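Worksheet: one structure, shown below.
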Amino acid sequence: MARVSVGAQVINIVNAFVMRRMKSVEMTGVVMRIFSFSLVSWLGPSSPFMFVWIFNTTDAAMLTWCAVLKKDRAYTVLNAFWILIGVVGVLRAGGFIR
């Protein structure tokens with residue numbers, strides 16, 4: 001019998017957790033996205049941009065994970081794109097890039 005690495009075991013546990021709670025995880029991610037964009041809309045330039053970008057990147061990761069498990073290519077690409085945008089946003093908000 002082949003040994004499964006600890007990393008693979010963790011991913012399998014997380015996948016099982018997400019699969020059992022798919023609708024809840026997706027809805028949490030969607031509400032997080034709505035909240036982060038609403039915060040920027042309401043507060044404008046005084047928004048806590050680092051918080052917003054980290055929050056938005058987290059919801060993108062959640063929604064990407066769900067889309068991958070559901071084998072939904074369109075939403076996988078869309079939310080993976082938001083992860084990349086989020087990483088750039090975090091780097092810009094942190095002053096690491098201009």
Side-chain angles (χ1 to χ4, degrees):
M1 183 194 249
R3 283 186 87 173
V4 178
S5 71
V6 173
Q9 289 174 349
V10 170
I11 288 174
N12 289 337
I13 291 168
V14 174
N15 284 346
F17 176 87
V18 172
M19 290 296 288
R20 283 192 309 271
R21 296 163 180 84
M22 181 71 70
K23 288 185 181 194
S24 296
V25 173
E26 285 180 312
M27 185 56 74
T28 300
V30 168
V31 170
M32 289 171 68
R33 174 96 31 107
I34 291 167
F35 174 77
S36 64
F37 281 106
S38 297
L39 193 62
V40 171
S41 295
W42 291 328
L43 298 179
S46 62
S47 296
F49 285 108
M50 180 62 85
F51 169 78
V52 169
W53 281 116
I54 291 171
F55 203 70
N56 192 51
T57 305
T58 302
D59 79 58
M62 291 168 62
L63 293 171
T64 301
W65 200 300
C66 290
V68 167
L69 291 177
K70 291 169 67 173
K71 297 178 178 24
D72 187 331
R73 287 187 198 167
Y75 281 105
T76 298
V77 170
L78 177 65
N79 288 300
F81 167 77
W82 278 110
I83 292 172
L84 295 174
I85 295 301
V87 168
V88 171
V90 168
L91 292 174
R92 289 193 66 196
F96 297 105
I97 59 175
R98 293 187 182 262

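The structure displayed is predicted, hence computed values, not measured ones.
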Would [X] and [Y] show up in the same hydrophobic cluster when neighbours are defined by side-chain heavy atoms closer than 4.5 Å?
X     : Y     : result
Val14 : Val6  : yes
Val25 : Phe35 : yes
Val87 : Val52 : no
Val10 : Met19 : yes
Trp82 : Met50 : yes

If you draw a 6.0 Å radius around [atom1] in [X], do more than 12 non-hydrogen atoms from other residues or ligands fall strictly inside?
X     : atom1 : answer
Tyr75 : OH    : no
Arg73 : CZ    : no
Met27 : CE    : no

Please report the interatomic distance [atom1]([X]) to [atom2]([Y]), rounded to the nearest 0.5 Å.
X     : Y     : atom1 : atom2 : answer
Leu78 : Ile83 : CG    : CD1   : 10.5 Å
Ser36 : Ile54 : OG    : CD1   : 12.0 Å
Leu63 : Lys70 : CG    : NZ    : 9.5 Å
Asn79 : Leu84 : CG    : CG    : 11.5 Å
Leu39 : Phe49 : CG    : CZ    : 9.0 Å

So, using side-chain hydrogen bond (donor to acceptor under 3.5 Å, both in side chains) as the criterion, who are the partners of Asn15 when residues are at least two apart?
Trp65
Only pairs at least two apart or in different chains count here, so list each side-chain hydrogen bond (donor to acceptor under 3.5 Å, both in side chains) that has a residue in residues 44-60.
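Non-adjacent pairs meeting side-chain hydrogen bond (donor to acceptor under 3.5 Å, both in side chains): Arg33-Asn56, Arg33-Asp59.
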Where [X] and [Y] come nearest, the two heavy atoms and their spacing:
X     : Y     : answer
Arg92 : Ile97 : CG-CG1, 3.5 Å
Met32 : Met62 : SD-SD, 3.7 Å
Ile34 : Ser38 : O-OG, 2.7 Å

Hey, are Glu26 and Arg21 close enough for a salt bridge, meaning a charged N less than 4.0 Å from a carboxylate O?
no
